[in-house]
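One structure below.
Numbered from 1 within each chain, the chains take letters A, B, ... in sequence-line order. In this text the structure is predicted, and so the values were computed from the model without any measurement.
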Amino acid sequence: MKTWIAFANILIKDMRSYYLKPPNISWGLIFPVAWTLMFFLRSPVPVDVRDLLPGVIALSILFGTTSMLAVTITFERKSRSFERLLLAPISLNLLMLSKTSGAILFGVINAFIPIIFASFMTGLSGIRWPMVLGSVILIAITSTFMGLFIAVSVSQVFEAQTFSNSFRFPILFMCGLFIPLTDLPVFLLPVSYVLPLTYGVDILKTAINDNGLISVPLSFLSLAAFSVLLFAYSIYNVNRKWIH
Amino acid sequence: MEGVNFHINQGEIFGFLGPNGAGKTTTINMLTGLSKITSGTVKLLGEDYSRNVKKAQAMMGIVPDESNLYEELDGWENLGFCGALYGMDKNLREERASQLLHEFGLEEAARKPFKAYSKGMKRKLTIAAGIIHQPQILFLDEPTTGIDVAFARQIRNLIVDLHNKGTTIFLTTHYIEEAERLCERLAFIVQGKIVREGTVEELMQETQGENIVNFTLGGDFSEIDEDFRSYFPAYDIKMGRDNVVSIHSQSTFTLLPLVRFFEERDLPVYEAKIIRPSLEEVFVKVTGIELQKMQNQRGDR
(Lines give C-alpha, C1' and ligand atoms only; values in the text may rest on other atoms or scores of the structure.)
Protein backbone atom coordinates (compact mmCIF):
# COMPACT_ATOMS: atom_id res chain seq x y z
CA MET A 1 0.00 0.00 0.00
CA LYS A 2 1.49 3.31 -1.11
CA THR A 3 0.55 5.46 1.86
CA TRP A 4 2.29 8.51 0.41
CA ILE A 5 -0.39 8.64 -2.32
CA ALA A 6 -3.08 8.92 0.37
CA PHE A 7 -1.03 11.50 2.28
CA ALA A 8 -0.39 13.67 -0.79
CA ASN A 9 -3.99 13.54 -2.00
CA ILE A 10 -5.44 14.50 1.39
CA LEU A 11 -3.03 17.44 1.49
CA ILE A 12 -3.79 18.52 -2.10
CA LYS A 13 -7.55 18.20 -1.59
CA ASP A 14 -7.45 20.29 1.59
CA MET A 15 -5.30 22.97 -0.06
CA ARG A 16 -7.72 23.18 -3.00
CA SER A 17 -10.94 22.86 -1.02
CA TYR A 18 -10.11 25.08 1.92
CA TYR A 19 -6.81 26.91 2.09
CA LEU A 20 -6.42 28.26 -1.44
CA LYS A 21 -9.98 29.54 -1.72
CA PRO A 22 -10.23 33.27 -2.48
CA PRO A 23 -11.72 34.22 0.95
CA ASN A 24 -8.74 32.62 2.70
CA ILE A 25 -6.21 34.22 0.38
CA SER A 26 -7.79 37.62 1.00
CA TRP A 27 -7.77 36.89 4.76
CA GLY A 28 -4.04 36.20 4.49
CA LEU A 29 -3.56 39.58 2.79
CA ILE A 30 -5.94 41.73 4.85
CA PHE A 31 -4.95 40.39 8.26
CA PRO A 32 -1.31 41.59 8.36
CA VAL A 33 -2.24 44.94 6.79
CA ALA A 34 -4.95 45.47 9.43
CA TRP A 35 -2.59 44.56 12.29
CA THR A 36 0.16 46.83 10.99
CA LEU A 37 -2.27 49.72 10.55
CA MET A 38 -3.59 49.18 14.08
CA PHE A 39 -0.08 49.49 15.50
CA PHE A 40 0.56 52.62 13.44
CA LEU A 41 -2.68 54.26 14.56
CA ARG A 42 -2.41 53.47 18.26
CA SER A 43 1.24 54.47 18.62
CA PRO A 44 1.89 58.11 19.63
CA VAL A 45 5.44 57.90 18.28
CA PRO A 46 6.58 56.84 14.79
CA VAL A 47 6.68 53.06 14.48
CA ASP A 48 9.40 51.10 12.75
CA VAL A 49 7.79 48.41 10.58
CA ARG A 50 10.70 46.13 11.41
CA ASP A 51 9.77 46.31 15.11
CA LEU A 52 6.25 45.20 14.26
CA LEU A 53 7.31 42.39 11.98
CA PRO A 54 7.79 39.57 14.58
CA GLY A 55 4.35 40.21 16.07
CA VAL A 56 2.51 40.48 12.76
CA ILE A 57 4.21 37.34 11.43
CA ALA A 58 3.33 35.37 14.59
CA LEU A 59 -0.29 36.56 14.66
CA SER A 60 -0.81 35.89 10.95
CA ILE A 61 0.28 32.30 11.52
CA LEU A 62 -1.66 31.83 14.76
CA PHE A 63 -4.96 33.19 13.47
CA GLY A 64 -4.69 31.56 10.06
CA THR A 65 -3.85 28.05 11.20
CA THR A 66 -5.89 27.55 14.38
CA SER A 67 -9.23 28.64 13.01
CA MET A 68 -8.85 27.00 9.60
CA LEU A 69 -7.90 23.59 10.89
CA ALA A 70 -10.41 23.56 13.74
CA VAL A 71 -13.22 24.62 11.40
CA THR A 72 -12.38 22.30 8.49
CA ILE A 73 -12.02 19.20 10.65
CA THR A 74 -15.19 19.97 12.62
CA PHE A 75 -17.01 20.58 9.33
CA GLU A 76 -15.83 17.26 7.89
CA ARG A 77 -16.78 15.45 11.08
CA LYS A 78 -20.23 17.02 10.95
CA SER A 79 -20.76 15.97 7.31
CA ARG A 80 -19.31 12.53 8.16
CA SER A 81 -16.76 12.76 5.33
CA PHE A 82 -14.06 12.51 8.00
CA GLU A 83 -15.25 8.92 8.63
CA ARG A 84 -14.07 8.11 5.11
CA LEU A 85 -10.54 9.09 6.16
CA LEU A 86 -10.73 7.05 9.37
CA LEU A 87 -11.77 4.03 7.29
CA ALA A 88 -8.80 4.36 4.92
CA PRO A 89 -5.95 1.89 5.46
CA ILE A 90 -3.51 4.53 6.69
CA SER A 91 -2.35 4.96 10.26
CA LEU A 92 -4.05 7.55 12.43
CA ASN A 93 -0.75 9.41 12.88
CA LEU A 94 -0.21 9.70 9.14
CA LEU A 95 -3.84 10.67 8.57
CA MET A 96 -3.68 13.49 11.12
CA LEU A 97 -0.30 14.62 9.78
CA SER A 98 -1.77 14.85 6.28
CA LYS A 99 -4.80 16.79 7.60
CA THR A 100 -2.55 19.21 9.47
CA SER A 101 0.07 19.63 6.72
CA GLY A 102 -2.27 21.83 4.68
CA ALA A 103 -2.81 24.17 7.63
CA ILE A 104 0.94 24.23 8.40
CA LEU A 105 1.69 25.15 4.80
CA PHE A 106 -1.05 27.79 4.90
CA GLY A 107 0.49 29.20 8.09
CA VAL A 108 3.97 29.38 6.51
CA ILE A 109 2.57 31.14 3.41
CA ASN A 110 0.67 33.56 5.68
CA ALA A 111 3.90 34.37 7.53
CA PHE A 112 5.66 35.55 4.38
CA ILE A 113 2.90 37.97 3.34
CA PRO A 114 3.82 40.54 6.06
CA ILE A 115 7.50 40.02 5.19
CA ILE A 116 6.78 40.82 1.54
CA PHE A 117 4.76 43.91 2.55
CA ALA A 118 7.53 45.00 4.92
CA SER A 119 10.17 44.67 2.20
CA PHE A 120 8.47 47.57 0.36
CA MET A 121 8.43 49.74 3.47
CA THR A 122 11.74 49.14 5.23
CA GLY A 123 15.12 47.54 4.84
CA LEU A 124 15.37 43.88 5.75
CA SER A 125 19.14 43.57 5.86
CA GLY A 126 20.77 41.76 8.75
CA ILE A 127 17.80 39.48 9.33
CA ARG A 128 18.82 35.92 10.14
CA TRP A 129 16.60 34.20 7.60
CA PRO A 130 17.27 30.55 8.52
CA MET A 131 16.23 31.40 12.07
CA VAL A 132 13.10 33.18 10.77
CA LEU A 133 12.22 30.20 8.59
CA GLY A 134 12.78 27.73 11.44
CA SER A 135 10.62 29.68 13.86
CA VAL A 136 7.89 30.29 11.23
CA ILE A 137 7.69 26.55 10.55
CA LEU A 138 7.59 25.66 14.25
CA ILE A 139 5.03 28.37 15.07
CA ALA A 140 2.89 27.06 12.18
CA ILE A 141 3.22 23.50 13.49
CA THR A 142 2.35 24.33 17.12
CA SER A 143 -0.51 26.64 16.11
CA THR A 144 -1.90 23.98 13.76
CA PHE A 145 -1.70 21.33 16.46
CA MET A 146 -3.49 23.75 18.78
CA GLY A 147 -6.18 23.91 16.08
CA LEU A 148 -6.25 20.11 16.07
CA PHE A 149 -6.58 20.08 19.85
CA ILE A 150 -9.55 22.47 19.49
CA ALA A 151 -11.12 20.37 16.71
CA VAL A 152 -10.98 17.25 18.86
CA SER A 153 -12.57 19.07 21.78
CA VAL A 154 -15.67 20.41 20.00
CA SER A 155 -18.48 19.02 17.88
CA GLN A 156 -19.95 22.11 16.18
CA VAL A 157 -18.30 24.55 13.78
CA PHE A 158 -19.35 27.60 15.84
CA GLU A 159 -17.87 25.97 18.96
CA ALA A 160 -14.57 25.63 17.13
CA GLN A 161 -14.52 29.39 16.50
CA THR A 162 -15.50 30.30 20.06
CA PHE A 163 -13.13 27.81 21.65
CA SER A 164 -10.19 28.87 19.47
CA ASN A 165 -10.75 32.52 20.45
CA SER A 166 -10.68 31.58 24.12
CA PHE A 167 -7.16 30.31 23.45
CA ARG A 168 -5.93 32.91 21.02
CA PHE A 169 -6.74 36.12 22.84
CA PRO A 170 -5.00 35.23 26.12
CA ILE A 171 -2.03 34.04 24.02
CA LEU A 172 -2.06 37.38 22.22
CA PHE A 173 -1.59 39.35 25.43
CA MET A 174 0.74 37.01 27.26
CA CYS A 175 3.28 35.91 24.68
CA GLY A 176 5.32 39.12 24.79
CA LEU A 177 3.81 40.74 21.70
CA PHE A 178 1.89 43.68 23.16
CA ILE A 179 3.41 43.62 26.60
CA PRO A 180 7.10 42.65 26.80
CA LEU A 181 7.73 39.64 29.04
CA THR A 182 9.80 41.87 31.35
CA ASP A 183 6.73 44.09 31.98
CA LEU A 184 4.30 41.23 32.69
CA PRO A 185 3.09 40.81 36.30
CA VAL A 186 5.11 38.09 38.02
CA PHE A 187 2.07 35.83 38.55
CA LEU A 188 1.40 35.81 34.79
CA LEU A 189 4.94 34.88 33.81
CA PRO A 190 4.48 31.11 34.39
CA VAL A 191 1.41 31.23 32.11
CA SER A 192 3.43 33.06 29.52
CA TYR A 193 6.13 30.40 29.59
CA VAL A 194 3.68 27.59 28.90
CA LEU A 195 2.47 29.29 25.71
CA PRO A 196 4.27 28.05 22.58
CA LEU A 197 3.92 31.42 20.86
CA THR A 198 6.06 33.08 23.57
CA TYR A 199 9.04 31.09 22.30
CA GLY A 200 8.17 31.59 18.63
CA VAL A 201 7.85 35.35 18.99
CA ASP A 202 11.09 35.50 20.94
CA ILE A 203 13.00 33.67 18.20
CA LEU A 204 11.54 36.06 15.61
CA LYS A 205 12.54 39.05 17.75
CA THR A 206 16.10 37.72 17.96
CA ALA A 207 16.23 36.89 14.25
CA ILE A 208 14.79 40.20 13.02
CA ASN A 209 15.77 42.82 15.64
CA ASP A 210 18.20 40.96 17.88
CA ASN A 211 16.15 41.83 20.98
CA GLY A 212 14.85 38.44 22.16
CA LEU A 213 15.06 37.41 25.81
CA ILE A 214 15.15 33.63 25.75
CA SER A 215 18.03 31.51 24.45
CA VAL A 216 17.31 30.56 20.83
CA PRO A 217 18.16 26.84 21.19
CA LEU A 218 15.91 26.64 24.27
CA SER A 219 13.07 28.31 22.33
CA PHE A 220 13.46 25.91 19.40
CA LEU A 221 13.55 22.97 21.79
CA SER A 222 10.44 24.23 23.63
CA LEU A 223 8.52 24.68 20.36
CA ALA A 224 9.49 21.19 19.22
CA ALA A 225 8.39 19.77 22.59
CA PHE A 226 5.06 21.64 22.39
CA SER A 227 4.53 20.25 18.87
CA VAL A 228 5.11 16.65 19.97
CA LEU A 229 2.96 17.02 23.10
CA LEU A 230 0.03 18.69 21.34
CA PHE A 231 0.09 16.16 18.51
CA ALA A 232 0.33 13.17 20.85
CA TYR A 233 -2.50 14.49 23.03
CA SER A 234 -4.70 15.16 20.00
CA ILE A 235 -4.10 11.66 18.62
CA TYR A 236 -4.94 10.23 22.04
CA ASN A 237 -8.18 12.23 22.01
CA VAL A 238 -9.06 11.25 18.43
CA ASN A 239 -8.66 7.61 19.43
CA ARG A 240 -10.73 8.11 22.56
CA LYS A 241 -13.48 10.33 21.19
CA TRP A 242 -13.87 9.58 17.49
CA ILE A 243 -13.31 5.82 17.48
CA HIS A 244 -15.93 4.88 20.04
CA MET B 1 -23.65 -5.58 21.68
CA GLU B 2 -23.56 -9.06 23.13
CA GLY B 3 -23.37 -12.54 21.69
CA VAL B 4 -22.80 -11.29 18.14
CA ASN B 5 -21.33 -14.38 16.53
CA PHE B 6 -21.62 -15.07 12.82
CA HIS B 7 -19.56 -15.91 9.77
CA ILE B 8 -19.81 -14.84 6.15
CA ASN B 9 -18.79 -17.19 3.36
CA GLN B 10 -16.53 -15.79 0.68
CA GLY B 11 -18.50 -14.51 -2.30
CA GLU B 12 -21.93 -14.53 -0.65
CA ILE B 13 -24.40 -11.77 0.17
CA PHE B 14 -24.97 -11.87 3.91
CA GLY B 15 -27.90 -9.90 5.26
CA PHE B 16 -28.12 -8.33 8.67
CA LEU B 17 -31.75 -7.67 9.41
CA GLY B 18 -33.18 -5.79 12.34
CA PRO B 19 -35.17 -2.73 13.39
CA ASN B 20 -33.59 0.70 13.90
CA GLY B 21 -31.34 0.73 16.92
CA ALA B 22 -30.82 -3.05 16.85
CA GLY B 23 -27.06 -2.68 16.39
CA LYS B 24 -26.63 -3.09 12.62
CA THR B 25 -24.55 0.05 12.09
CA THR B 26 -22.64 -0.54 15.33
CA THR B 27 -21.70 -4.01 14.06
CA ILE B 28 -20.44 -2.53 10.77
CA ASN B 29 -18.51 0.13 12.70
CA MET B 30 -16.85 -2.54 14.84
CA LEU B 31 -15.98 -4.67 11.83
CA THR B 32 -14.55 -1.75 9.86
CA GLY B 33 -12.68 0.09 12.60
CA LEU B 34 -14.95 3.02 13.43
CA SER B 35 -15.80 1.52 16.81
CA LYS B 36 -13.59 -0.32 19.26
CA ILE B 37 -14.15 -3.96 20.06
CA THR B 38 -13.98 -4.43 23.82
CA SER B 39 -14.04 -8.22 23.69
CA GLY B 40 -14.17 -11.01 21.13
CA THR B 41 -12.45 -11.39 17.79
CA VAL B 42 -13.01 -10.41 14.18
CA LYS B 43 -11.34 -12.49 11.50
CA LEU B 44 -11.01 -11.76 7.80
CA LEU B 45 -9.72 -14.55 5.56
CA GLY B 46 -8.67 -16.42 8.69
CA GLU B 47 -6.57 -13.60 10.13
CA ASP B 48 -7.53 -11.98 13.42
CA TYR B 49 -7.50 -8.20 13.08
CA SER B 50 -9.54 -7.29 16.15
CA ARG B 51 -6.69 -5.22 17.54
CA ASN B 52 -5.27 -3.92 14.27
CA VAL B 53 -8.07 -3.20 11.87
CA LYS B 54 -5.85 -0.95 9.69
CA LYS B 55 -4.28 -4.12 8.28
CA ALA B 56 -7.66 -5.28 7.00
CA GLN B 57 -9.11 -1.96 5.83
CA ALA B 58 -7.43 -2.22 2.42
CA MET B 59 -9.55 -5.31 1.73
CA MET B 60 -12.79 -3.60 2.74
CA GLY B 61 -15.19 -1.31 0.93
CA ILE B 62 -17.61 0.61 3.09
CA VAL B 63 -20.83 2.30 2.01
CA PRO B 64 -22.40 4.06 4.99
CA ASP B 65 -26.12 4.60 5.52
CA GLU B 66 -25.73 8.28 4.63
CA SER B 67 -23.65 9.42 1.67
CA ASN B 68 -20.46 10.92 3.07
CA LEU B 69 -18.56 12.04 0.00
CA TYR B 70 -17.21 15.57 -0.36
CA GLU B 71 -19.94 18.03 -1.30
CA GLU B 72 -17.53 20.46 -2.97
CA LEU B 73 -15.87 17.85 -5.19
CA ASP B 74 -17.49 16.54 -8.36
CA GLY B 75 -18.22 12.88 -8.99
CA TRP B 76 -14.98 12.28 -10.83
CA GLU B 77 -12.86 13.99 -8.15
CA ASN B 78 -14.64 12.15 -5.35
CA LEU B 79 -13.91 8.77 -6.93
CA GLY B 80 -10.30 9.74 -7.61
CA PHE B 81 -9.82 10.92 -4.04
CA CYS B 82 -11.33 7.74 -2.59
CA GLY B 83 -9.05 5.64 -4.81
CA ALA B 84 -6.05 7.64 -3.59
CA LEU B 85 -6.95 6.87 0.03
CA TYR B 86 -6.30 3.22 -0.86
CA GLY B 87 -2.93 4.03 -2.45
CA MET B 88 -4.07 3.62 -6.06
CA ASP B 89 -1.86 5.18 -8.76
CA LYS B 90 -3.30 8.09 -10.76
CA ASN B 91 -3.72 6.07 -13.99
CA LEU B 92 -5.46 3.23 -12.24
CA ARG B 93 -7.74 5.63 -10.33
CA GLU B 94 -8.77 7.37 -13.52
CA GLU B 95 -9.38 4.10 -15.33
CA ARG B 96 -11.55 2.73 -12.49
CA ALA B 97 -13.41 6.04 -12.04
CA SER B 98 -14.34 6.11 -15.76
CA GLN B 99 -15.41 2.48 -15.65
CA LEU B 100 -17.57 2.94 -12.53
CA LEU B 101 -19.18 6.18 -13.72
CA HIS B 102 -20.14 4.33 -16.91
CA GLU B 103 -21.40 1.21 -15.10
CA PHE B 104 -23.42 3.25 -12.61
CA GLY B 105 -24.92 5.50 -15.29
CA LEU B 106 -23.32 8.63 -13.85
CA GLU B 107 -21.15 9.69 -16.80
CA GLU B 108 -23.18 12.82 -17.48
CA ALA B 109 -22.99 13.87 -13.83
CA ALA B 110 -19.26 13.18 -13.54
CA ARG B 111 -18.31 16.85 -13.54
CA LYS B 112 -21.19 18.05 -11.39
CA PRO B 113 -20.44 18.79 -7.74
CA PHE B 114 -21.65 16.07 -5.39
CA LYS B 115 -23.96 18.53 -3.63
CA ALA B 116 -25.94 18.90 -6.88
CA TYR B 117 -26.67 15.15 -7.10
CA SER B 118 -30.10 13.70 -6.29
CA LYS B 119 -30.35 11.35 -3.30
CA GLY B 120 -30.33 8.26 -5.54
CA MET B 121 -27.33 9.52 -7.54
CA LYS B 122 -25.51 10.29 -4.30
CA ARG B 123 -26.12 6.75 -3.10
CA LYS B 124 -24.89 5.30 -6.38
CA LEU B 125 -21.70 7.38 -6.33
CA THR B 126 -21.13 6.42 -2.69
CA ILE B 127 -21.33 2.75 -3.66
CA ALA B 128 -18.95 3.40 -6.57
CA ALA B 129 -16.54 5.10 -4.14
CA GLY B 130 -16.79 2.07 -1.85
CA ILE B 131 -15.67 -0.33 -4.59
CA ILE B 132 -13.16 1.79 -6.53
CA HIS B 133 -10.27 -0.18 -4.98
CA GLN B 134 -11.97 -3.52 -5.73
CA PRO B 135 -12.40 -4.66 -2.13
CA GLN B 136 -12.80 -8.31 -1.23
CA ILE B 137 -15.67 -7.54 1.11
CA LEU B 138 -18.17 -4.73 0.74
CA PHE B 139 -20.17 -3.41 3.69
CA LEU B 140 -23.46 -1.86 2.60
CA ASP B 141 -25.36 -0.12 5.38
CA GLU B 142 -29.03 0.33 4.46
CA PRO B 143 -28.24 1.00 0.78
CA THR B 144 -31.80 1.64 -0.38
CA THR B 145 -33.21 3.51 2.62
CA GLY B 146 -34.78 6.86 1.78
CA ILE B 147 -34.46 6.70 -2.00
CA ASP B 148 -37.16 6.34 -4.60
CA VAL B 149 -38.33 3.01 -5.98
CA ALA B 150 -36.58 3.31 -9.36
CA PHE B 151 -33.19 4.12 -7.82
CA ALA B 152 -33.65 1.42 -5.16
CA ARG B 153 -34.25 -1.09 -7.94
CA GLN B 154 -31.12 0.07 -9.80
CA ILE B 155 -29.08 -0.23 -6.61
CA ARG B 156 -30.36 -3.76 -5.96
CA ASN B 157 -29.33 -4.67 -9.52
CA LEU B 158 -25.88 -3.18 -8.89
CA ILE B 159 -25.56 -5.26 -5.73
CA VAL B 160 -26.44 -8.42 -7.68
CA ASP B 161 -23.86 -7.47 -10.36
CA LEU B 162 -21.16 -7.01 -7.73
CA HIS B 163 -22.08 -10.35 -6.20
CA ASN B 164 -21.88 -12.02 -9.61
CA LYS B 165 -18.38 -10.61 -9.98
CA GLY B 166 -17.35 -12.38 -6.77
CA THR B 167 -17.50 -9.59 -4.19
CA THR B 168 -18.50 -10.71 -0.71
CA ILE B 169 -21.27 -8.41 0.52
CA PHE B 170 -22.38 -7.66 4.05
CA LEU B 171 -25.73 -5.92 3.77
CA THR B 172 -27.71 -4.38 6.59
CA THR B 173 -31.32 -3.52 5.99
CA HIS B 174 -34.64 -3.29 7.69
CA TYR B 175 -36.47 -4.07 4.46
CA ILE B 176 -37.40 -7.73 4.83
CA GLU B 177 -38.34 -8.16 1.15
CA GLU B 178 -34.95 -6.74 0.12
CA ALA B 179 -33.12 -9.15 2.39
CA GLU B 180 -35.19 -12.08 1.15
CA ARG B 181 -34.60 -11.13 -2.48
CA LEU B 182 -30.86 -10.43 -2.30
CA CYS B 183 -29.29 -12.42 0.50
CA GLU B 184 -28.11 -16.00 0.52
CA ARG B 185 -27.79 -16.07 4.26
CA LEU B 186 -29.23 -13.84 6.95
CA ALA B 187 -28.94 -12.97 10.59
CA PHE B 188 -31.71 -11.33 12.62
CA ILE B 189 -30.39 -8.84 15.15
CA VAL B 190 -32.49 -7.38 17.95
CA GLN B 191 -31.26 -5.18 20.80
CA GLY B 192 -27.61 -5.97 20.08
CA LYS B 193 -28.05 -9.74 19.94
CA ILE B 194 -28.22 -12.13 17.01
CA VAL B 195 -31.39 -14.13 17.52
CA ARG B 196 -31.27 -16.30 14.39
CA GLU B 197 -28.85 -16.99 11.52
CA GLY B 198 -29.14 -19.15 8.42
CA THR B 199 -30.09 -19.35 4.77
CA VAL B 200 -33.53 -18.06 3.78
CA GLU B 201 -34.67 -21.69 3.42
CA GLU B 202 -33.34 -22.60 6.86
CA LEU B 203 -35.06 -19.65 8.44
CA MET B 204 -38.31 -20.49 6.68
CA GLN B 205 -38.28 -23.84 8.48
CA GLU B 206 -39.46 -21.87 11.51
CA THR B 207 -42.90 -21.53 9.96
CA GLN B 208 -43.00 -24.82 8.13
CA GLY B 209 -46.27 -26.63 8.74
CA GLU B 210 -47.97 -23.41 9.79
CA ASN B 211 -51.07 -22.40 7.88
CA ILE B 212 -52.35 -18.85 7.79
CA VAL B 213 -55.61 -17.47 6.47
CA ASN B 214 -56.46 -13.79 6.46
CA PHE B 215 -60.10 -12.70 6.69
CA THR B 216 -61.21 -9.23 5.69
CA LEU B 217 -64.28 -8.48 7.81
CA GLY B 218 -66.91 -5.83 8.22
CA GLY B 219 -68.13 -4.53 11.59
CA ASP B 220 -66.34 -4.23 14.89
CA PHE B 221 -64.35 -7.35 15.69
CA SER B 222 -62.00 -5.86 18.22
CA GLU B 223 -63.21 -8.04 21.10
CA ILE B 224 -63.82 -11.39 19.46
CA ASP B 225 -60.47 -13.00 20.21
CA GLU B 226 -61.52 -14.70 23.49
CA ASP B 227 -64.77 -15.91 21.98
CA PHE B 228 -62.84 -17.18 18.94
CA ARG B 229 -60.28 -19.07 21.03
CA SER B 230 -62.99 -20.80 23.04
CA TYR B 231 -64.65 -21.97 19.79
CA PHE B 232 -61.42 -22.88 17.98
CA PRO B 233 -58.82 -23.81 20.61
CA ALA B 234 -56.50 -25.26 17.94
CA TYR B 235 -56.28 -21.93 16.09
CA ASP B 236 -54.54 -18.70 16.97
CA ILE B 237 -56.07 -15.35 16.06
CA LYS B 238 -54.16 -12.08 15.44
CA MET B 239 -55.76 -8.72 14.77
CA GLY B 240 -54.26 -6.90 11.82
CA ARG B 241 -54.82 -3.55 10.14
CA ASP B 242 -57.41 -2.65 7.50
CA ASN B 243 -60.15 -4.94 8.94
CA VAL B 244 -58.00 -8.03 8.58
CA VAL B 245 -57.80 -10.82 11.13
CA SER B 246 -55.17 -13.47 10.72
CA ILE B 247 -55.85 -17.07 11.77
CA HIS B 248 -52.84 -19.35 12.35
CA SER B 249 -52.99 -23.10 12.62
CA GLN B 250 -50.64 -26.08 12.57
CA SER B 251 -53.29 -28.16 10.75
CA THR B 252 -55.13 -27.38 7.51
CA PHE B 253 -58.16 -25.13 7.75
CA THR B 254 -61.79 -25.91 7.22
CA LEU B 255 -63.01 -22.54 6.10
CA LEU B 256 -66.79 -22.93 6.41
CA PRO B 257 -66.97 -23.08 10.26
CA LEU B 258 -64.77 -20.00 10.41
CA VAL B 259 -66.96 -18.05 7.99
CA ARG B 260 -70.05 -19.16 9.89
CA PHE B 261 -68.47 -18.06 13.22
CA PHE B 262 -67.92 -14.52 11.92
CA GLU B 263 -71.29 -14.19 10.22
CA GLU B 264 -73.16 -15.37 13.33
CA ARG B 265 -71.58 -12.38 15.10
CA ASP B 266 -72.67 -9.90 12.42
CA LEU B 267 -69.17 -9.72 10.98
CA PRO B 268 -69.60 -10.10 7.21
CA VAL B 269 -66.67 -11.86 5.50
CA TYR B 270 -65.54 -9.86 2.42
CA GLU B 271 -62.46 -11.88 1.64
CA ALA B 272 -60.60 -14.97 2.84
CA LYS B 273 -57.02 -15.36 1.65
CA ILE B 274 -54.65 -18.24 2.36
CA ILE B 275 -51.19 -16.84 3.09
CA ARG B 276 -47.91 -18.57 2.29
CA PRO B 277 -45.56 -17.97 5.24
CA SER B 278 -42.90 -15.44 4.28
CA LEU B 279 -39.60 -14.35 5.79
CA GLU B 280 -41.60 -11.52 7.33
CA GLU B 281 -43.63 -14.09 9.28
CA VAL B 282 -40.41 -15.76 10.41
CA PHE B 283 -38.95 -12.44 11.52
CA VAL B 284 -42.06 -11.54 13.51
CA LYS B 285 -42.20 -14.99 15.06
CA VAL B 286 -38.51 -15.07 16.03
CA THR B 287 -38.07 -11.48 17.15
CA GLY B 288 -41.52 -10.67 18.45
CA ILE B 289 -41.30 -7.33 16.63
CA GLU B 290 -44.56 -6.29 15.05
CA LEU B 291 -44.49 -5.46 11.36
CA GLN B 292 -46.37 -2.26 12.15
CA LYS B 293 -43.43 -1.11 14.29
CA MET B 294 -40.92 -1.88 11.53
CA GLN B 295 -43.07 -0.03 9.00
CA ASN B 296 -43.35 2.99 11.28
CA GLN B 297 -39.58 3.02 11.62
CA ARG B 298 -39.26 3.03 7.86
CA GLY B 299 -41.44 6.12 7.84
CA ASP B 300 -39.27 7.73 10.52
CA ARG B 301 -36.22 7.32 8.37
Side-chain angles (χ1 to χ4, degrees), chain A residues 1-25 68 71-99 101-102 152 155 157 235-244, chain B residues 1 25-26 28-38 44 49 52-74 77-93 113-115 122 125-126 129-130 132-133 135 138-139 141:
Chain A
M1 160 83 190
K2 296 171 189 165
T3 47
W4 68 267
I5 294 180
F7 180 93
N9 276 273
I10 293 170
L11 172 61
I12 292 166
K13 185 200 78 68
D14 282 356
M15 290 304 283
R16 279 191 191 152
S17 296
Y18 308 125
Y19 302 111
L20 296 182
K21 290 276 182 198
N24 286 320
I25 296 170
M68 278 307 291
V71 168
T72 55
I73 289 189
T74 313
F75 173 74
E76 285 190 6
R77 288 245 315 130
K78 194 90 184 131
S79 66
R80 291 184 63 184
S81 51
F82 197 81
E83 276 179 15
R84 193 160 280 284
L85 305 178
L86 289 174
L87 291 168
I90 51 172
S91 74
L92 195 57
N93 284 349
L94 190 76
L95 166 62
M96 297 317 291
L97 278 176
S98 61
K99 286 303 285 180
S101 295
V152 183
S155 53
V157 174
I235 293 294
Y236 166 77
N237 265 340
V238 169
N239 239 318
R240 196 169 57 91
K241 289 185 168 181
W242 294 351
I243 303 169
H244 304 287
Chain B
M1 306 295 290
T25 301
T26 306
I28 286 197
N29 286 349
M30 288 195 298
L31 296 175
T32 56
L34 275 185
S35 291
K36 289 191 187 92
I37 300 164
T38 48
L44 184 59
Y49 66 87
N52 186 12
V53 71
K54 286 286 162 197
K55 269 169 70 182
Q57 281 176 332
M59 290 183 271
M60 297 174 179
I62 299 122
V63 180
D65 54 346
E66 283 173 39
S67 298
N68 65 351
L69 291 171
Y70 293 88
E71 295 276 317
E72 70 278 9
L73 302 185
D74 63 33
E77 289 168 335
N78 261 307
L79 290 183
F81 180 71
C82 291
L85 291 179
Y86 290 84
M88 292 169 70
D89 289 325
K90 194 167 183 271
N91 290 343
L92 184 58
R93 292 201 301 265
F114 187 63
K115 61 185 165 202
K122 280 185 174 178
L125 193 75
T126 310
I132 190 157
H133 58 294
L138 178 65
F139 293 89
D141 195 2

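- Residue Asp89(B) touches chain A through both its backbone and its side chain, counting heavy-atom pairs closer than 4.5 Å.
- Contact tally against chain B (heavy-atom pairs below 4.5 Å) for Ser17(A), Ser98(A), Ser91(A), Ala8(A): the top residue is Ser17(A).
- Residues Arg84(A) and Ala129(B) share a closest heavy-atom pair of NH1-CB, 3.9 Å.
- Comparing His133(B), Glu77(B), Lys54(B) by heavy-atom pairs within less than 4.5 Å of chain A, the highest count is held by Lys54(B).
- Glu72(B) is listed as a side-chain neighbour of Lys13(A), based on a closest heavy-atom distance under 4.5 Å.
- At most 12 non-hydrogen atoms from other residues, nucleotides or ligands lie less than 6.0 angstrom from NZ of Lys90(B).
- Under the 4.5 Å side-chain criterion, counting only non-hydrogen atoms from C-beta, Pro64(B) is in contact with Arg80(A).
- Only the backbone of Ser79(A) comes within contact range of chain B, with heavy atoms under 4.5 Å apart.
- Considering every non-hydrogen atom in both Ile5(A) and Ala84(B), the closest pair reads CG2-O, 3.8 Å.
- When the options Leu87(A), Leu95(A), Thr3(A), Ile10(A) are evaluated for a side-chain contact (heavy atoms from CB on, under 4.5 Å) with Leu85(B), the one that passes is Ile10(A).
- Contact count against chain A (heavy-atom pairs under 4.5 Å) is highest for Asn68(B) among Asn68(B), Leu69(B), Ile62(B).
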Checklist entry - Could you walk me through whether Tyr86(B) and Lys2(A) pass the side chain to side chain contact (heavy atoms under 4.5 Å, CB included) check? => result CA-CA 8 Å; Tyr86(B) 290 84; Lys2(A) 296 171 189 165; over 6 Å; no
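- Atom CZ of Arg240(A) sits in a crowded spot, with more than 12 heavy atoms from other residues, nucleotides or ligands closer than 6.0 Å.
- Looking at Glu66(B), the atoms closer than 4.5 Å to chain A (heavy atoms on both sides) sit in the backbone and in the side chain alike.
- Proximity to chain A is absent for every atom of Met30(B), based on heavy atoms less than 4.5 angstrom apart.
- Across every non-hydrogen atom of Ala58(B) and Pro89(A), the tightest pair is N-CB, 3.6 Å.
- When all heavy atoms of Asn9(A) and Phe81(B) are compared, the pair lying nearest together is O-CE1, 3.5 Å.
- In Lys36(B), the NZ atom is crowded: over 12 heavy atoms of neighbouring residues, nucleotides or ligands sit closer than 6.0 Å.
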